[in-house]
There are 2 protein chains.
Amino acid sequence: MRTQNYSRKRQAIYELLLSTDTHPSAEWIYNSLKPQYPDLSLGTVYRNLKLLEGNGAVRSVAVVDGCERYDAKMTRHSHFVCKKCGKITDVFFTETMPDLTEKVYIDAAKDVEEYNLIFYGICTEC
Amino acid sequence: MRTQNYSRKRQAIYELLLSTDTHPSAEWIYNSLKPQYPDLSLGTVYRNLKLLEGNGAVRSVAVVDGCERYDAKMTRHSHFVCKKCGKITDVFFTETMPDLTEKVYIDAAKDVEEYNLIFYGICTEC
DNA sequence: CTAAAAAGGATAATAATTATTGATTTCCTG
DNA sequence: CAGGAAATCAATAATTATTATCCTTTTTAG
């Protein structure tokens, strides 16, 4: 049995995601880590993102301009996507964000596990 | 100035979208219309979907398994996506679905234009 | 330390979407 | 109804994000 969860590179990918609020794409992560890990491969980033997503350590928050964007902050919150520059920012509600999955009854659903709420508009910098 | 908005094929694409509740992909639309329009091209479907989306006649409701899915029902409602089979079904709230864009203040946003709320889970048929 | 398992690098393959180009259709104007 | 400009289209090539492959390297349990 393996006791250490993550390989070095997986750890680096995860920690980078934890440390940023840019909701990056695979490519952004790759470019950010490349200096410190010169032999990093883009495929490794993709593979580990999928793997971490499977673990529930990370989630895909949006697809912007055809690119999947990730977040390691797993507390319930939503996102605002700028339609012009693609920047993604966190949206917190003044009260605790409700668990909408408990507030809906969906005929066609056997089990509602989660939801994703995304706001779109233009950011202050655009 | 052109008075008739749509070409035949564009009209057909739009009307198909209006008549179905499957939230189809470009390919599904293409396959559905092909019998009646044997010279229809897949590129035409993609082009017109983007065009209709620009018009606000249609919207992209989700990306499922890497495929953009569209809806012509423009009244405010949300969607449930089955994580297994990819089926998308409408979600209406008992009260009128609130306009959340008026309920949030987002620092980074100059203008919040719309939002998209998607529930995920397993459908009754899976 | 060693062997087995997991992970990675490099690269090829996939697949959805977009762009191109030359032909066809649409529809305003006369 | 005809001419012509603009819009649209079909066919196909190009693009691009992502995934799969395959062989090597790293990691880890014992």
Side-chain angles (χ1 to χ4, degrees), chain A residues 1-17 22-55 57-71 81 83 86 88, chain B residues 1-17 22-55 57-71 81 83 86 88:
Chain A
M1 190 185 57
R2 304 191 63 156
T3 49
Q4 192 165 314
N5 294 326
Y6 294 173
S7 67
R8 281 209 193 143
K9 283 165 186 170
R10 184 175 308 154
Q11 187 77 35
I13 291 167
Y14 178 61
E15 283 175 2
L16 177 57
L17 260 173
T22 58
H23 310 85
S25 65
E27 190 135 16
W28 187 96
I29 294 172
Y30 171 74
N31 289 326
S32 299
L33 292 178
K34 193 71 176 170
Q36 194 178 351
Y37 299 86
D39 65 346
L40 181 67
S41 180
L42 184 56
T44 297
V45 177
Y46 275 107
R47 183 161 24 80
N48 279 297
L49 285 172
K50 274 272 174 280
L51 207 146
L52 290 165
E53 192 180 15
N55 287 349
V58 147
R59 71 170 171 138
S60 160
V61 292
V63 175
V64 178
D65 297 328
C67 276
E68 201 107 33
R69 304 277 291 267
Y70 290 89
D71 195 349
V81 176
K83 292 204 269 190
I88 304 179
Chain B
M1 190 185 59
R2 306 189 63 153
T3 51
Q4 192 165 316
N5 294 325
Y6 295 173
S7 67
R8 280 209 195 142
K9 283 166 185 169
R10 185 175 308 156
Q11 188 76 36
I13 290 166
Y14 178 59
E15 282 174 3
L16 177 58
L17 259 174
T22 58
H23 310 85
S25 65
E27 190 135 17
W28 187 96
I29 294 172
Y30 171 75
N31 289 326
S32 301
L33 293 177
K34 192 72 177 171
Q36 194 178 348
Y37 300 85
D39 64 346
L40 181 67
S41 179
L42 184 55
T44 297
V45 177
Y46 276 106
R47 183 161 26 77
N48 279 299
L49 284 173
K50 275 273 172 278
L51 206 146
L52 290 165
E53 193 181 13
N55 288 348
V58 146
R59 71 169 171 138
S60 160
V61 294
V63 174
V64 179
D65 295 328
C67 277
E68 201 107 32
R69 303 278 292 267
Y70 289 90
D71 195 348
V81 176
K83 291 204 270 190
I88 302 179

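Since the model is a prediction, treat every value here as computed from it, not as a measurement. By convention in this document, chain letters (A, B, ...) are assigned in the order of the sequence lines, proteins followed by strands, and residues within each chain are numbered from 1.
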For dT25(C), take OP1 and OP2 only and decide whether either is under 4.0 Å from a side-chain N or O of Ser7(B). no
Starting at OH of Tyr70(B) and ending at C1' of dT17(C), how long is that distance when rounded to a whole Å? 9 Å
Arg8(B) side chain N/O closer than 4.0 Å to the phosphate oxygens (OP1, OP2) of dT25(C)? no
With nearest nucleotides of DNA chain C determined for Gly43(A) and Leu51(A) from heavy-atom distances, which residue corresponds to the more 5′ nucleotide? Leu51(A)
Under 4.0 Å between a side-chain N or O of Lys50(A) and OP1 or OP2 of dT19(D)? yes
CG (Asp65(A)) with more than 12 external heavy atoms under 6.0 Å: no
Could you give the CZ-to-P distance, from Arg69(A) to dT18(D), as a whole number of Å? 11 Å
From CG of Leu33(B) over to C1' of dT8(D), roughly how many Å is that when rounded to an integer? 16 Å
Can you tell me which nucleotide in dG9(C), dA10(D), dT8(D) comes closest to the side chain of Ser41(B)? dA10(D)
Give the rounded distance in Å between these two atoms: CD1 of Ile29(B) and C1' of dA16(C). 14 Å
Rounded interatomic separation in angstrom, taking CG from Leu40(A) and C1' from dT26(D): 15 Å
Nucleotide nearest Cys67(A) (side chain, heavy atoms from C-beta), chosen from dA17(D), dT17(C), dG9(C): dA17(D)
Interatomic distance where CG belongs to Leu42(B) and P belongs to dA19(C) [whole Å]: 15 Å
Nearest whole Å is fine: how far is dT18(D) P from Glu68(B) CD? 13 Å
Rounded to whole Å, the CG-C1' distance (Asn48(B) to dA7(D)) equals 11 Å
List the atom of Leu40(B), the atom of Tyr30(B), and the distance in Å for their closest heavy-atom pair. O-CE1, 3.4 Å
Do any side-chain nitrogens or oxygens of Arg47(A) fall under 4.0 Å of OP1 or OP2 in dT19(D)? no
May I ask you to evaluate whether Lys9(A) reaches the phosphate of dA7(C), defined as a side-chain N or O under 4.0 Å from OP1 or OP2? no
Any chance you could lay out the side chain to side chain contact (heavy atoms under 4.5 Å, CB included) test for Leu49(A) and Ile29(A), step after step, and finish with the verdict? CA-CA 10 Å; Leu49(A) 285 172; Ile29(A) 294 172; 4.0 Å; yes
Using a heavy-atom cut-off of 4.0 Å across all strands, would you classify Gly66(B) as base, sugar-phosphate, or nothing? sugar-phosphate
Applying side chain to side chain donor-acceptor pair (under 3.5 Å) between Gln11(B) and each of Arg8(B), Lys9(B), Glu15(B), report the one that passes. Glu15(B)
Any side-chain to backbone donor/acceptor pair from Arg69(A) onto Gly86(A)? Under 3.5 Å, distance only. yes
With a 4.0 Å cutoff (strictly under), does any side-chain N or O of Tyr46(B) reach OP1 or OP2 of dT18(C)? no
Of dG9(C), dA7(C), dA16(C), the nucleotide closest to the side chain of Glu27(B) is dA16(C)
